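Here is the structure we will look at.
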Amino acid sequence: MVISKLKIYDTLKKETLLFNPIHPGYVGMYVCGPTVYSNAHLGNCRTYISFDIMFRYLLHLGYKVRYVRNITDAGHLEGDRDEGDDKFAKKAKLEQLEPMEIVQRYTVDFHQVLAQFNTLPPSIEPTATGHIIEQIEMARKIIANGYAYENNGTIYFDVEKYAKEYPYTQLSGRNLDELLTNTRELDGQEEKKGRLDFALWIKAKPETLMRWPSPWGEGFPGWHIECSAMSSKYLGSEFDIHGGGMDLVPTHHTNEIAQNFACHQTNPAKFWVHTNMLTVNGQKMSKSLGNSFLPDELFSGSHPLLDKGYSPMTVRFFMLQAHYRSTLDFSNEALQASEKGFIRLMKATKLIDGLKVKDATTIDLEGLTASVYQALNDDFNTPVTIAQLFEGVRLINLLNDDKETINAEDKLALKKLFTEIVFEVLGLKEENVAGSEKIDGLMDVILSIRQEAKAKKDFSTSDFIRDRLKTIGFEINDGKDSTSYLTL
RNA sequence: GGAGCCGUGGCCGAGCGGCUAGGCAAAGCUCUGCAAAAGCUUCUACAGCAGUUCGAAUCUGCUCGGCUCCUCCA
């Protein structure tokens, strides 16, 4: 195991602290997953790619990680008014489908999209509908502990009572009094005692499609309770990392912490980790603003704001060139720059195997390795990690041009560094893998014909071959005594 | 209205008291039949104003501009 001095920023304490797992060698991580009532857009993907990096790096450091990411497939209301249809029922009525057909469709879509971005599947992916009993049980405990009350079949969390004993607004940094006075007056909330109270369990109306029996009659769970119930079930009442998008801080995660304290008297997570938003022209990408990109529109280039399509790995690389806690602006120019940079990185990575071995090493491999790990240990700073890798790219190219030398042992270490960081930790992979034996053979034939033409100074033929190959994705590079090709 | 974040060279984006970020683009050079690739070199910036400091992109205050949250949102 690499000696880790990993530091992570905790939203609750508002500082970057040394990470030491609660149980040495083991890490429990919970990330709020998607509500599967529509297609995942790129902003959603950014969050899950960010947590994928954390998952991968923790695994790389040798931890046994249990990564739990839920699927919200019930109980998420439109407008959080604690009444009316949930998002699935609404969409189901619209499309004349069963709510669970909606859930299935978008769960499959979510998995396909994330697989294209080469994210690892979580260890456990629990659903809200599969944990109704746990949610009811948790609501009962919170009632028994005195922090929730029933009104006509609906259970509300008593925020004002809770806030007298616990720092309810600690995560968001808000002032409770201002929240109480500034919160908007919403319709249909006269059943609540306090205006900040939120529902743990909601009574079903006659037309409600998704409903379950409970001690308080038929109903369905509130949104926030599912994460509290499922994280407690699979990771215990205290675990290492709880993550999600920054937009979950003021409501969802604030309420989750409140539920956990009210039930278990504990803050569930040692580190609260939040990813920043993906923006388009400076504005948050979101469905309601109508500026969201679907991954497929990006890959194919069919979105009106794009000049061309970009591959999943280009997009992943693009996202990793910004830190997860910064906003990242999405544009053609930025994507194009990333595309070229990514190709350069992959080309150099492929060159390592063919480097000539000498007696001595003239590059500072130790320094390079140390700076790469230093960057990753600094709150998963992938942009700096990549900057260091490009220093390595320069060195690889110098080695390839015989301007520096490397011995056998260091060549292995260089190979290990690039393989582990580029592929395992950053989760990048080669695309357009051609290199089959038949293609190699075919290219040998074509290149030898071109070589003959060059020898006869028939440059129009040799250039024709080179240009045509370029248009179909083969880059021809004439070396001193040999010619190589790369697939782009 | 309240809470908070941000404004870095042509573009993207790190840094967060002194030390080269990096990628892309542009220019020059080396190499080459010409290219490409690669290497080297150049462009050395921190919204504005004032202050703290031996020293500020980095700390403080104000101004301007943008964004997020307070309503579902990753």
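We name chains A, B, ... by the order of the sequence lines, and we start the count at 1 in each one. Quantities reported herein were computed from a predicted structural model and do not represent experimental measurements.
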Tell me: [atom1] of [X] to [atom2] of [N], nearest whole Å?
{"X": "A:Gln388", "N": "B:G22", "atom1": "CD", "atom2": "C1'", "answer": "8 Å"}
{"X": "A:Leu180", "N": "B:C70", "atom1": "CG", "atom2": "C1'", "answer": "12 Å"}
{"X": "A:Tyr310", "N": "B:C24", "atom1": "OH", "atom2": "C1'", "answer": "12 Å"}
{"X": "A:Tyr168", "N": "B:C70", "atom1": "OH", "atom2": "P", "answer": "12 Å"}
{"X": "A:Asp177", "N": "B:A3", "atom1": "CG", "atom2": "P", "answer": "12 Å"}
{"X": "A:Gln283", "N": "B:G65", "atom1": "CD", "atom2": "C1'", "answer": "15 Å"}
{"X": "A:Leu171", "N": "B:C70", "atom1": "CG", "atom2": "P", "answer": "14 Å"}
{"X": "A:Ile386", "N": "B:C24", "atom1": "CD1", "atom2": "P", "answer": "12 Å"}

Checking all strands, does [X] fall into the base, sugar-phosphate, or nothing category for heavy-atom contacts under 4.0 angstrom?
{"X": "A:Tyr48", "value": "sugar-phosphate"}
{"X": "A:Phe459", "value": "base"}
{"X": "A:Gly244", "value": "sugar-phosphate"}

Q. Relative to the 5' end of RNA chain B, which residue comes earlier, A:Met285 or A:Gly282, by the nucleotide with the nearest heavy atom?
A.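 Counting from the 5' end, the first nearest nucleotide belongs to A:Gly282.
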
Q | Pairwise 5' ranking along RNA chain B for A:Gly43 and A:Asn175, keeping only the more 5' one | A |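 That would be A:Asn175.
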
What distance, rounded to whole Å, do you find between the two [atom1] atoms, one in [N] and one in [M]?
{"N": "B:A47", "M": "B:G7", "atom1": "P", "result": "7 Å"}
{"N": "B:G48", "M": "B:U58", "atom1": "P", "result": "10 Å"}
{"N": "B:A25", "M": "B:C43", "atom1": "C1'", "result": "12 Å"}
{"N": "B:G55", "M": "B:U42", "atom1": "C1'", "result": "28 Å"}

(Q) Does atom CZ (A:Phe464) have a neighbourhood of more than 12 heavy atoms from anything else shown, all under 6.0 Å? (A)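 Check fails, neighbour count at 12 or below.
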
Q: Only counting residues at least two apart or in another chain, list the ones meeting side chain to side chain donor-acceptor pair (under 3.5 Å) with A:Asp378.
A: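 Testing A:Asp378 for side chain to side chain donor-acceptor pair (under 3.5 Å), a comparison that skips the adjacent residues, returns none.
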
**Q.** Contacts of type side chain to side chain donor-acceptor pair (under 3.5 Å), residue A:Thr11, not counting sequence neighbours
**A.**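 A:Thr11 satisfies side chain to side chain donor-acceptor pair (under 3.5 Å) with A:His274 once adjacent residues are dropped.
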
Q. Can you list the stems that include RNA chain B, where a stem is three or more consecutive Watson-Crick or G-U pairs with distances under 3.5 Å?
A.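 Correct response: B:1-7 with B:64-70, B:10-12 with B:22-24, B:26-30 with B:38-42, B:47-51 with B:59-63.
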
Q. Using 30° and 60° as the class limits, which term best fits the ring planes of A:Tyr373 and A:Tyr57: parallel, tilted or perpendicular?
A.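 Taking A:Tyr57 first and then A:Tyr373, their aromatic rings sit tilted (interplane angle of 30° to 60°).
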
Q. How are the rings of A:Phe342 and A:Phe317 set to each other: parallel, tilted or perpendicular (split at 30° and 60°)?
A.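 It falls in the tilted class, 30° to 60°.
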
Kindly write out the residues that satisfy salt bridge (charged side-chain N to carboxylate O under 4.0 Å, His left out) with [X], not counting sequence neighbours, or none if the list is empty.
{"X": "A:Arg344", "value": "none"}
{"X": "A:Asp10", "value": "A:Lys13"}
{"X": "A:Lys7", "value": "none"}
{"X": "A:Lys356", "value": "A:Asp402"}

Q: Using a 4.0 Å heavy-atom cut-off, write out nucleotides 8-19 of chain B from 5' to 3' as B (base contacted by protein), S (sugar-phosphate only) or - (no contact).
A: ---SSSSS----

Q.
Counting primed atoms plus P, OP1 and OP2 as sugar-phosphate and everything else as base, spell out the protein contacts along nucleotides 34-44 of chain B at 4.0 Å heavy-atom distance: B, S or - for each nucleotide, 5' to 3'.
A. BBBSSSS----

Q. Can you tell which of A:Thr361, A:Thr362, A:Asn397 makes a side chain to side chain donor-acceptor pair (under 3.5 Å) with A:Glu404?
A.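 The side chain to side chain donor-acceptor pair (under 3.5 Å) with A:Glu404 is passed solely by A:Thr362 among A:Thr361, A:Thr362, A:Asn397.
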
Q | Which residues share a ring-ring contact (aromatic ring centres under 6.0 Å, His included) with A:His41, sequence neighbours left out | A |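 Scan of A:His41 (ring-ring contact (aromatic ring centres under 6.0 Å, His included), adjacent residues dropped) gives none.
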
(Q) Just to verify, what does A:Phe293 make a ring-ring contact (aromatic ring centres under 6.0 Å, His included) with, not counting sequence neighbours? (A)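 So A:Phe293 forms a ring-ring contact (aromatic ring centres under 6.0 Å, His included) with A:His303, A:Phe330.
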
(Q) Per the side chain to side chain donor-acceptor pair (under 3.5 Å) rule, what does the pair list look like for residues 108-118 of chain A, sequence neighbours excluded? (A)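 Listed once each, the pairs are A:His111-A:Glu125.
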
(Q) Can you tell me if A:Lys284 touches the phosphate of B:C69, counting only side-chain N or O atoms and a distance under 4.0 Å to OP1 or OP2? (A)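 It does, given that an N or O in the side chain of A:Lys284 lies less than 4.0 Å from OP1 or OP2 of B:C69.
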
Q: Using only side-chain N and O atoms of A:Lys340, determine if any of them is under 4.0 Å from OP1 or OP2 of B:A25.
A: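 True: A:Lys340 side-chain N/O within range (under 4.0 Å) of B:A25 OP1/OP2.
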
